Asks: 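Got a structure for you, written out below as structure tokens; questions coming shortly.
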Protein chains: 2
Amino acid sequence: MARQDNAGDRISEAEHAVMEALWERSPLSAAEVCDRVCAERDWSMPTVKTLLSRLVAKEAVGTKPHGRKFLYRPLIERSDYVGGESRRLVDRLFGGRAAPLFAHLAQEEALTDDDLAEIEALLREMRR
Amino acid sequence: MARQDNAGDRISEAEHAVMEALWERSPLSAAEVCDRVCAERDWSMPTVKTLLSRLVAKEAVGTKPHGRKFLYRPLIERSDYVGGESRRLVDRLFGGRAAPLFAHLAQEEALTDDDLAEIEALLREMRR
DNA sequence: ACGAATCGTCTACATACGTAGTCATAACGG
DNA sequence: CCGTTATGACTACGTATGTAGACGATTCGT
């Protein structure tokens, strides 16, 4: 049972920004990724190139040669990443229980009325 | 309005384990902290000492001389830390909206029946 | 009062991360 | 066909982090 490709290597904060760009649209060339993130994060091309290489090394994104350049596309699903990160947080801070997290967000008024409405809807849906 | 003491410096994963020990009970000496975490994380005393120093530098824990040794106690509330981390996650992965996080946890069946019941109770309480 | 145990500080070092420069090469424009 | 340009690979470097050893001071036991 070989280790899952994307299991061991964590995606860092900066790398995550690149992943978001690729999740939003892919495949993209390095230059196109830069177009989408360099301004916001105040990065230069070399930075994006490095992050892309590291993500390729971590097998989080794959490359396909296209003409003279590479096109990059995510190899892991955003929902998997998001789910993993959420689970890690819940495990680490709330003993694996989601209710306390929810309680915390509620207490901090981090929940908007819309959030509440949506969550109620979800609950109703799950009940069925 | 001077920068909040504990605002800038992030607490790392290893440091967090030490914080948990201190939140569970404090004040503690370095040796007592080690008693509570060294076994589980397979650390040696020097490691705990280093982590404690770094936490002191970050003003996340405070020291009070007690006899010949120091007693360490948390300077930041666990609820503040937990709240901050939760918020960071929600901001980074869910655009600041808690509902999608909740949806994700629900979808992944990361929510037990107990969780659901608790959350419903919380919702009812908030509505009042 | 003196040696042994203990404690905090300083130092160390490997890896990860954030950020960026250099360079050879390959392709495109003219 | 050749120079320009864009691209990926390699290198670089400072800081954060994980982990721990060395050491000097201090205090406790006897």
Side-chain angles (χ1 to χ4, degrees), chain A residues 6-22 26-73 81 85 88 92, chain B residues 6-22 26-73 75 81 84-85 88 92:
Chain A
N6 53 23
D9 301 307
R10 310 242 330 106
I11 291 173
S12 78
E13 175 94 9
E15 288 159 3
H16 172 237
V18 170
M19 290 305 291
E20 286 293 345
L22 290 173
S26 78
L28 293 178
S29 67
E32 286 166 336
V33 171
C34 187
D35 287 345
R36 290 163 171 264
V37 298
C38 283
E40 186 169 2
R41 311 266 307 203
D42 196 35
W43 283 342
S44 59
M45 264 297 285
T47 300
V48 173
K49 302 257 195 84
T50 300
L51 293 174
L52 280 170
S53 320
R54 290 181 182 165
L55 286 168
V56 170
K58 292 178 181 180
E59 292 180 88
V61 317
T63 59
K64 194 186 315 238
H66 181 271
R68 65 232 139 258
K69 69 187 66 166
F70 278 151
L71 291 186
Y72 299 84
R73 85 173 56 244
Y81 173 74
E85 291 295 302
R88 275 172 41 83
R92 200 160 64 88
Chain B
N6 53 24
D9 300 308
R10 310 243 329 106
I11 290 174
S12 77
E13 175 94 10
E15 288 160 2
H16 171 238
V18 170
M19 291 304 291
E20 286 293 345
L22 290 173
S26 78
L28 293 178
S29 67
E32 286 166 336
V33 171
C34 187
D35 287 346
R36 291 165 171 264
V37 299
C38 283
E40 187 170 0
R41 312 265 308 203
D42 196 33
W43 283 342
S44 59
M45 264 298 285
T47 299
V48 172
K49 304 254 195 81
T50 300
L51 294 173
L52 279 170
S53 322
R54 290 180 182 169
L55 286 168
V56 169
K58 292 177 182 180
E59 293 180 88
V61 317
T63 60
K64 194 185 317 230
H66 181 272
R68 62 239 147 249
K69 70 187 65 167
F70 278 152
L71 291 185
Y72 298 86
R73 86 171 57 242
L75 290 183
Y81 173 74
E85 290 295 301
R88 275 171 39 82
R92 200 160 63 88

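So that the names make sense, note that chain A is the first sequence line, chain B the second, and so on, each numbered from 1. Nothing here was measured: the structure is a model prediction, and the numbers come from that model.
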Asks: May I ask you to say what Thr50(A) touches in the nucleic acid, namely base, sugar-phosphate or nothing, with a heavy-atom cut-off under 4.0 Å?
Replies: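 Contact class for Thr50(A): base.
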Asks: Can you give me the closest heavy-atom contact between Ser12(A) and Glu15(A), atom names plus distance?
Replies: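 Of all heavy-atom pairs spanning Ser12(A) and Glu15(A), the closest is N-OE1, 2.8 Å.
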Asks: With nearest nucleotides of DNA chain D determined for Leu71(A) and Ile11(B) from heavy-atom distances, which residue corresponds to the more 5′ nucleotide?
Replies: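 It is Leu71(A), whose closest nucleotide lies nearer the 5' terminus.
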Asks: Below 4.5 Å, heavy atoms only, C-beta onward: do Asp9(A) and Glu59(A) meet side chain to side chain?
Replies: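 Heavy-atom side-chain distance check fails, nothing below 4.5 Å.
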Asks: Measure NZ/Lys49(B) against P/dA12(C) and give the value in whole Å, please.
Replies: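 After rounding, the reported distance stands at 18 Å.
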Asks: What do you reckon, is CD of Glu40(A) surrounded by more than 12 foreign heavy atoms closer than 6.0 Å?
Replies: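 Counting other residues, nucleotides and ligands, CD of Glu40(A) stays at 12 neighbours or fewer.
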Asks: Is there a donor and acceptor pair closer than 3.5 Å between the side chain of Ser12(B) and the base of dA16(D)?
Replies: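 Side chain to base: no pair present.
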Asks: OP1 or OP2 of dG18(D) less than 4.0 angstrom from a side-chain nitrogen or oxygen of Thr47(B), does that happen here?
Replies: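 Looking at the OP1 and OP2 atoms of dG18(D), neither is under 4.0 Å from any side-chain N or O of Thr47(B).
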Asks: Nearest heavy-atom pair of Arg73(A) and Ser26(A): which atoms, and what distance?
Replies: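 Taking Arg73(A) first and Ser26(A) second, the nearest heavy atoms are CB-OG, 4.0 Å.
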Asks: Nearest-Å distance, NE2 (His66(A)) to P (dA26(C))?
Replies: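 In whole Å, dA26(C) P and His66(A) NE2 are 19 Å from each other.
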Asks: Cys38(B) and Val48(B): which non-hydrogen atoms are nearest, and at how many Å?
Replies: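 That would be SG-CG2, 3.4 Å.
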Asks: Do the non-hydrogen side-chain atoms of Phe70(B) and Pro65(B) ever get within less than 4.5 Å of each other?
Replies: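 The answer is yes, as the side chains (C-beta and beyond) meet within the 4.5 Å cut-off.
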Asks: Provide the closest heavy-atom pair for Arg41(B) versus Ala14(B) in the form atom of the first, atom of the second, distance.
Replies: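 Closest approach of Arg41(B) to Ala14(B): NH2-CA, 3.7 Å.
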Asks: Give a yes/no on whether any side-chain N or O of Lys58(B) is located under 4.0 angstrom from OP1 or OP2 of dT17(D).
Replies: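 So the side chain of Lys58(B) is within the cut-off, an N or O lying under 4.0 Å from OP1 or OP2 of dT17(D).
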Asks: Could you tell me how far apart Leu51(B) (CG) and dG18(D) (C1') are, to the nearest whole angstrom?
Replies: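 Distance, rounded to whole Å: 8 Å.
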Asks: Take the protein atom CD of Glu13(A) and the nucleotide atom P of dA16(D), then report the distance between them rounded to whole Å.
Replies: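 In whole Å, dA16(D) P lies 15 Å from Glu13(A) CD.
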Asks: Report each atom pair, protein N/O against N/O of nucleotides 3-6 of chain C, whose distance is under 3.5 angstrom.
Replies:
none

Asks: Should Leu22(A) and Leu52(A) count as side-chain neighbours, where that means a heavy-atom distance under 4.5 Å?
Replies: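 Yes; the side chains approach each other to less than 4.5 Å.
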Asks: Of the nucleotides dT19(D), dG21(D), dG8(C), which one has an atom closest to the side chain of Pro46(B)?
Replies: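 Side chain of Pro46(B) sits closest to dG21(D).
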Asks: Report the distance from atom CD1 of Ile11(B) to atom CE of Met19(B), rounding to the nearest 0.5 Å.
Replies: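 Between atom CD1 of Ile11(B) and atom CE of Met19(B) there are 4.5 Å.
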Asks: Starting from C1' on dG18(C), measure out to NE2 on His16(A) and report it in whole angstrom.
Replies: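 Value for this atom pair: 16 Å.
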Asks: Sort me out a list of protein N/O and nucleotides 28-30 of chain D N/O pairs below 3.5 Å, or just none if empty.
Replies:
unit_1: dC28(D); atom_1: OP1; unit_2: Arg68(B); atom_2: NH1; d: 2.6

Asks: Got a sec? Which of residues 28-37 of chain B come in under 4.0 Å of DNA chain D, heavy atoms?
Replies: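 Nothing qualifies; none.
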Asks: In whole Å, I'd like the distance from the CG atom of Leu52(A) to the P atom of dA9(D).
Replies: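 Going from Leu52(A) (CG) to dA9(D) (P), I get 10 Å.
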Asks: Spell out yes or no: do the side chain of Arg54(B) and the base of dG18(D) have one donor N/O and one acceptor N/O closer than 3.5 Å?
Replies: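 Side chain to base: pair found, below 3.5 Å.
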Asks: With a 4.5 Å heavy-atom cut-off, do Arg10(B) and His16(B) have their side chains touching?
Replies: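 Side chain of Arg10(B) against side chain of His16(B), heavy atoms only: no contact under 4.5 Å found.
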Asks: Without decimals, in angstroms, what is the distance between Phe70(B) CZ and dT26(D) P?
Replies: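 Atom-to-atom, Phe70(B) to dT26(D), this comes out as 11 Å.
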Asks: What I'd like to find out is whether the side chain of Glu13(A) reaches to under 4.5 Å of the side chain of Arg88(B), using heavy atoms alone.
Replies: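 SC-SC contact between Glu13(A) and Arg88(B) confirmed.
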Asks: Within a strict 4.5 Å, meaning less than it, do heavy atoms of the Thr47(B) and Ser44(B) side chains meet?
Replies: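 Thr47(B) reaches Ser44(B) side chain to side chain.
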Asks: In whole Å, I'd like the distance from the CE atom of Met45(A) to the P atom of dA9(D).
Replies: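 Taking atom P of dA9(D) as the reference, CE of Met45(A) is at 12 Å.
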